[in-house]
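Remarks on the structure that follows.
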Amino acid sequence: IKEKELSSAFDLAKNAYNLGIDGIIIEDLGLSRILREKIPHLKLHASTQMSVHSVSALPILKEMGFVRVVAAREMSKTDLTALCNRAEELGMEIEVFVHGALCMCLSGQCQLSAFLGQRSGNRGLCAGPCRLPFKAEKGTGYDLSLKDLSLLDHLNELREMGVKSFKIEGRMKRPEYVACAVASAKQSLEKGYIDPALAETLKNVFSRQGFTDGYYTDSLGRDMFGIRTKEDVVSADKAFPLLHQLYRGERQSVPVSVKAEIRENTPMELKLSDGENTVTVLGDTPQKAKTKALEQDDVLNSLTKFGGTPYYAEGGGVDLQEGLFVSKGSLNELRRRAIEELDIKRAETKIEPCYAEYSAKNFTPETRNQSLICRFEDKTQIPDDLSGISAIVYPLEKNPDLNISAEKIADIPRGIISEDLIQKRLRLFKEYGFNTCLCGNLASVEIARKEGFNIIADTGLNIFNSESVAKAEEWGVKAATLSYELSIEESKFQSDLPLGIIAYGKVPLMTFKNCPIKNGKTCNECDKRGVLTDRMGIDFPVRCRMGYSEMLNSVPIWLADRKTELNHLDFLTLYFTDESRERVTEVINAYKNGLSTDIKYTRGLYYKGTI
């Protein structure tokens, strides 16, 4: 959420709260900070965009006031079990995606749509470029397009491990899709299986060559990939007409107690209660029966006809005096009015209204004493002359034995396969003089804090506004690298922390647990380097990092000749990936002296911004 949007975002959340909404799913650290302060009773759910795929993220979310966490879709059964166990210890809930479209990139870490067309997936406007042809050598031809996720056969197992909520992803889907997916999920929970005909209909209504549970079952690989074929579209067209019956009436999911009293010379009385809300309505006064008197079964049948409503009868009874008569029409009218009253009662908000206000801060940027930080991938890239460089950032998976004079910062990968491994590597790095970590994930922040490191927030934390900077400061963060998606103008906001940007480099556009390069070759054949080629013939490098891999942009960001426009920032990071030592030296000199370049480059989103 951009700085200029914070006020309206707060107002929207406040209005929703005052209308009685139960909670909000949120990613932005800044807005979460505002809501925690201004509307403390509003329940915060951590979005899957927060990239929670490791247990150490939970304590920090608990500190922030989150009560539920939507887990990353990349988690295996083993990982989810550990997450649920830790959540239970902390008094938190876990929500899991169980059906629907599956992003190739770790949620919250994708820049592809933003960089290729300004439509930010992190701001809810993904254009889905990963569904276009991106080819790995000997791959599928669509090596960024995964089949849709379906864990519907595992729902009871998930419930047993402690998952509290199941989420069906239905962006831009038709009502028939929703009806079929929900019906299948309910049937799986209640019966332990899905009828073959319904399962086939679910596949036909929308899939990409079928479904996958590969992340959950830890069965990564080529079988997880798929595209939307003509056969899939034809199958959907045939399935849609068959599904209308699934959503014609409302699902009866709310049990109500039905108590009626019918006595002589007294208006009929009907009480409905859902266990929390109770309503009482009065009807016509019964008459003495001239022929056939009312019987209990007749009364119950009339008063429990809840079809077309969310209610079904459970418990209660009828106190009926013998020898009385009232028409079925009167009983039906009594039931209708009671249902209307219960609807109204259940819709009433039961909260103290919030009248708080929030206004964005006015800020005039000042010129800062700016430093240069170099981020390297390999020791062979580091030049002998590091004069003018305040610090170097070095990958946690590499040998930390560096003989340099600049400050040394350990770079923790955004994708965490093993927290134990991260801890062991940090302890090793500390022995070699590393005292600061670059953290792009909530779990890495928590791990680094426990290991006694200073912390610099990386782009993966999506620091986007002054309030998210303030939240990072509360964690003990010493400096913050702003999101790639902020324009230069949008990065001019108040901060007590040193702020910087990635000012050079082929930046990571996607982070993968399921490496697309493996669709065509093994890890040994790849040697931790691969290439994806798009439909225009443009190559995007892919590199491996401690169990996850990343797709880099095809060309580097270049801002050396625009340095005067960046003087409100405290530091600029030069992000070196596949550059030689000689090229590294050239780039550093260019940024020291404000030079242009003759190679192909991009300005990223620093002047275009995101929608």
Side-chain angles (χ1 to χ4, degrees), residues 363 365-377 379 381-395 400 402-412 429 433-440 448 453-461 463 466 468-469 472-473 476-484 486-507 556-577 579 581 583-597 603-604 606:
F363 177 67
E366 299 176 352
T367 300
R368 306 292 184 98
N369 293 322
Q370 196 172 84
S371 61
L372 282 178
I373 295 174
C374 290
R375 190 169 177 175
F376 295 106
E377 187 162 311
K379 187 184 297 186
Q381 296 174 303
I382 304 176
D384 294 329
D385 181 11
L386 286 176
S387 60
I389 304 302
S390 65
I392 69 108
V393 180
Y394 199 64
L402 302 179
N403 184 21
I404 60 173
S405 57
E407 180 187 359
K408 295 180 289 189
I409 301 169
D411 175 12
I412 302 178
F429 269 57
F434 286 77
N435 297 306
T436 301
C437 289
L438 186 68
C439 299
F453 279 79
N454 295 321
I455 298 168
I456 296 177
D458 194 14
T459 54
L461 288 172
I463 303 295
S466 62
S468 53
V469 172
E473 188 176 16
V477 171
K478 302 302 181 185
T481 310
L482 299 176
S483 167
Y484 297 115
L486 284 173
S487 71
I488 297 301
E489 283 303 310
E490 289 166 345
S491 68
K492 295 176 180 178
F493 49 71
Q494 184 175 336
S495 170
D496 294 328
L497 288 181
L499 300 181
I501 61 170
I502 305 294
Y504 169 83
K506 295 179 181 177
V507 302
I557 290 172
W558 188 270
L559 295 175
D561 54 338
R562 299 288 184 93
K563 275 189 67 179
T564 56
E565 299 166 16
L566 309 176
N567 57 18
H568 62 291
L569 296 168
D570 298 278
F571 63 92
L572 304 179
T573 298
L574 311 182
Y575 195 164
F576 298 109
T577 51
E579 292 84 354
R581 180 182 293 193
R583 179 57 183 159
V584 167
T585 300
E586 291 173 5
V587 172
I588 290 174
N589 288 335
Y591 273 78
K592 286 180 181 178
N593 299 301
L595 305 179
S596 57
T597 182
R603 302 290 189 189
Y606 292 131

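Everything numeric here is computed off the predicted structure, so don't read it as measured data.
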**Request:** Decide side chain to side chain contact (heavy atoms under 4.5 Å, CB included) for I373 and S390; before the verdict, give the C-alpha distance in whole Å, the side-chain angles of both, and the deciding distance to 0.1 Å.
**Result:** CA-CA 6 Å; I373 295 174; S390 65; 3.7 Å; yes
**Item:** Residue pair T481, I463: steps toward the side chain to side chain contact (heavy atoms under 4.5 Å, CB included) verdict
**Value:** CA-CA 7 Å; T481 310; I463 303 295; over 6 Å; no
**Asked** Can V469 and F493 be said to form a side chain to side chain contact (heavy atoms under 4.5 Å, CB included), step by step?
**Response** CA-CA 10 Å; V469 172; F493 49 71; 3.7 Å; yes
**Request:** Go through L402 and F434 one step at a time and tell me if the side chain to side chain contact (heavy atoms under 4.5 Å, CB included) criterion holds.
**Result:** CA-CA 10 Å; L402 302 179; F434 286 77; 4.0 Å; yes
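In terms of the side chain to side chain contact (heavy atoms under 4.5 Å, CB included) criterion, residue partners of A479 (sequence neighbours excluded) are, by chain and number, I456, P498, F571. Evaluation of the salt bridge (charged side-chain N to carboxylate O under 4.0 Å, His left out) rule for D411 yields R375, R545 as partners, not counting sequence neighbours. Residues meeting the ring-ring contact (aromatic ring centres under 6.0 Å, His included) test with F376, sequence neighbours left out: F576. Every side chain to side chain contact (heavy atoms under 4.5 Å, CB included) that T597 has, sequence neighbours left out, goes to W558, R583, I599, Y601. Contacts of A406 classified as side chain to side chain contact (heavy atoms under 4.5 Å, CB included), with partners at least two apart in sequence or in another chain: I392. Residues passing the ring-ring contact (aromatic ring centres under 6.0 Å, His included) test with Y394: none are found, sequence neighbours excluded. Scored by the salt bridge (charged side-chain N to carboxylate O under 4.0 Å, His left out) test, E473 finds no partners at all (sequence neighbours excluded). Legend: residues meeting salt bridge (charged side-chain N to carboxylate O under 4.0 Å, His left out) with K506, ordered by chain and number and at least two apart, are D578. Contacts of E407 classified as salt bridge (charged side-chain N to carboxylate O under 4.0 Å, His left out), with partners at least two apart in sequence or in another chain: none. Under the rule for a side chain to side chain contact (heavy atoms under 4.5 Å, CB included), the partners of K478 that lie at least two apart in sequence or sit in another chain are N454. The side-chain hydrogen bond (donor to acceptor under 3.5 Å, both in side chains) search around S491 returns H568, not counting sequence neighbours.
The OG1 atom of T573 sits 4.5 Å away from the CD1 atom of I502 when rounded to the nearest 0.5 Å. Atom CG of L569 sits about 7.0 Å away from atom CG of L499, to the nearest 0.5 Å. Rounded to the nearest 0.5 Å, atoms SG (C374) and CD1 (I382) are 9.0 Å apart. Here the straight-line distance linking atom CG of L559 with atom CG of L572 works out to 8.0 Å at 0.5 Å rounding. In this structure, OH on Y504 lies 14.5 Å from CD1 on I501, to the nearest 0.5 angstrom. Note that the NZ atom of K563 and the CG atom of N593 stand 8.0 Å from one another [nearest 0.5 Å].
Between the E579 side chain and the T577 main chain, a donor and an acceptor come within less than 3.5 Å of each other. No side-chain donor-acceptor contact under 3.5 Å links S483 to the backbone of T459. No side-chain donor-acceptor contact under 3.5 Å links D458 to the backbone of L438. Between the side chain of K592 and the main chain of V587, no donor-acceptor pair closer than 3.5 Å is present.
Nearest heavy atom pair, residue N567 against residue T564, reads ND2-O, 3.2 Å. Closest non-hydrogen pair, I588 versus P383, comes out as CD1-CG, 4.1 Å. Nearest heavy atom pair, residue A560 against residue A590, reads CB-O, 3.7 Å.
Within the structure, side chain to side chain donor-acceptor pair (under 3.5 Å) pairs that include any residue of residues 492-502 comprise E489-K492 (at least two apart or interchain).
With contacts defined as side-chain heavy-atom distances shorter than 4.5 Å, the pair Y591/L372 qualifies. Looking at heavy atoms from C-beta onward, E490 lies out of side-chain contact with L482 at the 4.5 angstrom threshold.
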